[in-house]
Amino acid sequence: MKDEKIKVGLVFGGMSPEHEISIVSAKSVYENLDKNKYDIFSYYIDKNGFWEEVESPLNYEKRLTEPAPFLAFKNVKPFLEIVDIFFPILHGPYGEDGTIQGIFESLKIPFVGAGVAGSAVSMDKVLTKKILEADGIPVVDYLIIWKSNKMLDEPEKIKESVLEGLKLPVFVKPSNSGSSIGITKVKKIDDIMEAIMKAFKYSDKILIEEGIENAREIEISVFSDKKGIKVSVPGEVIPYNEFYDYDDKYKVGKTKFKIPVELDEKLVERIKKTAYDTFRILSLYGMSRVDFLLDKDGNYYVNEVNSIPGFTSISMYPRLWEESGIKYNELLDLLIQSGLQRYE
Ligand SMILES: Nc1ncnc2c1ncn2[C@@H]1O[C@H](COP(=O)(O)OP(=O)(O)O)[C@@H](O)[C@H]1O
Ligand SMILES: [Mg+2]
């Protein structure tokens, strides 16, 4: 009998600081993909950029290799002839930022999720804000600092411009990171240089953002295919730590989630509409999670957009769909169908 299964190439690991999280997400996707419908091929990218075909994300091994140029393929059968569609479950730079997507797009290989432009823009928090602002979508006030900025030699000037433009506390962030890596909440202006130097470890461009006091963190999952864009019910993250930092996300396990949120119906509708507009304006496709900050007066801001959101079974992206009536395995089917349609 002819094998009618769709051949899915799961790509995971990757060169970003979110390598380990990608593995956890990929495991969960692997477990939830219906083995009667899909033949799964697993491609592990190590921290140096070597691709390797492995049995599955369940029993991958961390391999230490020599530093390699990006895209070294080792023991990888010519995948062009093998897979029908790639499913990149890579978070952060070299995975969520359009680089991998560019390989697939230029070879016209179907893949799940946003294309080059949407991935590149939403990985870059500065570009995201610039584009959203231009379209009247609310974002919090911010300053940008480049590594080459001469002002860095004069900390007093930096402190002055922060105090002139923003109210403390501020959040200092690398422009292109994720999982809260490199982010510091700064309450005293004298602590700002340390935070800036930390953020520069991850990016040559950083943001200093006005902190929203006691912000509520509202998240919406978005899905699209050629027929259109759908948004989920919103959910709320209630961090245990002072903000939703790396430990809170992955180590402490005390974060609370409210799905769906307790919020005024009209506000929910407005936030959903903004998530829809954000997805469209940023040229996203397939999936994304749009994250909002809500202040005590009911003003909301788009904080950031994740074009490959966390995908563990307790992650917001699948959970919000679950609450909206789409089970994890059905969601994977929809995403794969959406990816297969992308060049139509
Ligand atoms: N302007 C802000 N006001 C209040 N809290 C913020 C602000 N920016 C970030 N945070 C906190 O820091 C966390 C991580 O920031 P975020 O921009 O989402 O970066 P990442 O891409 O690493 O998730 C948020 O979930 C929130 O808890
Ligand atoms: Mg975030």
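Note: hydrogens, waters and symmetry copies are ignored here, and every other heavy atom, side chains too, is used. Whatever order the structure lists them in is the order used to number ligands and atoms, beginning at 1.
- Ring-plane geometry between Phe86 and Trp51 is classed as perpendicular, the angle between the planes exceeding 60 degrees on a 0 to 90 degree scale with a lower cut at 30.
- With Ser175 as the partner, the side-chain hydrogen bond (donor to acceptor under 3.5 Å, both in side chains) test is satisfied by one option alone out of Asp204, Thr128, Asp124: Asp124.
- A salt bridge between Glu236 and Arg216 is present, with a side-chain N of the basic residue lying under 4.0 Å from a carboxylate O of the acidic one.
- Heavy atoms only, all atoms of each residue included: Asn36 and Asp34 are closest at N-OD1, 2.8 Å.
- Aromatic ring orientation, Phe311 versus Tyr317: tilted (interplanar angle from 30° to 60°).
- With waters left out, the protein N, O or S atoms under 2.8 Å from the Mg ion (ligand 2) add up to 1.
- Proximity of the aromatic rings of Tyr44 and Phe12 is defined here by a centroid distance below 6.0 angstrom, and this criterion is met.
- Listed by chain and number, Lys125, Val140, Phe171, Lys173, Ser177, Gly178, Ser179, Ser180, Ile183, Glu209, Glu210, Gly211, Ile212, Glu217, Phe243, Tyr244, Lys249, Leu293, Asn303, Glu304 each place a non-hydrogen atom less than 4.0 angstrom from ligand 1.
- When ring centroids are compared, Phe243 and Phe171 come within the 6.0 Å threshold.
- Taking each heavy atom of Tyr244 and Ser180 in turn, the nearest pair found is O-OG, 2.6 Å.
- Ionic pairing of Lys266 and Glu269 is not present here: no N-O contact between side-chain nitrogen and carboxylate oxygen is shorter than 4.0 angstrom.
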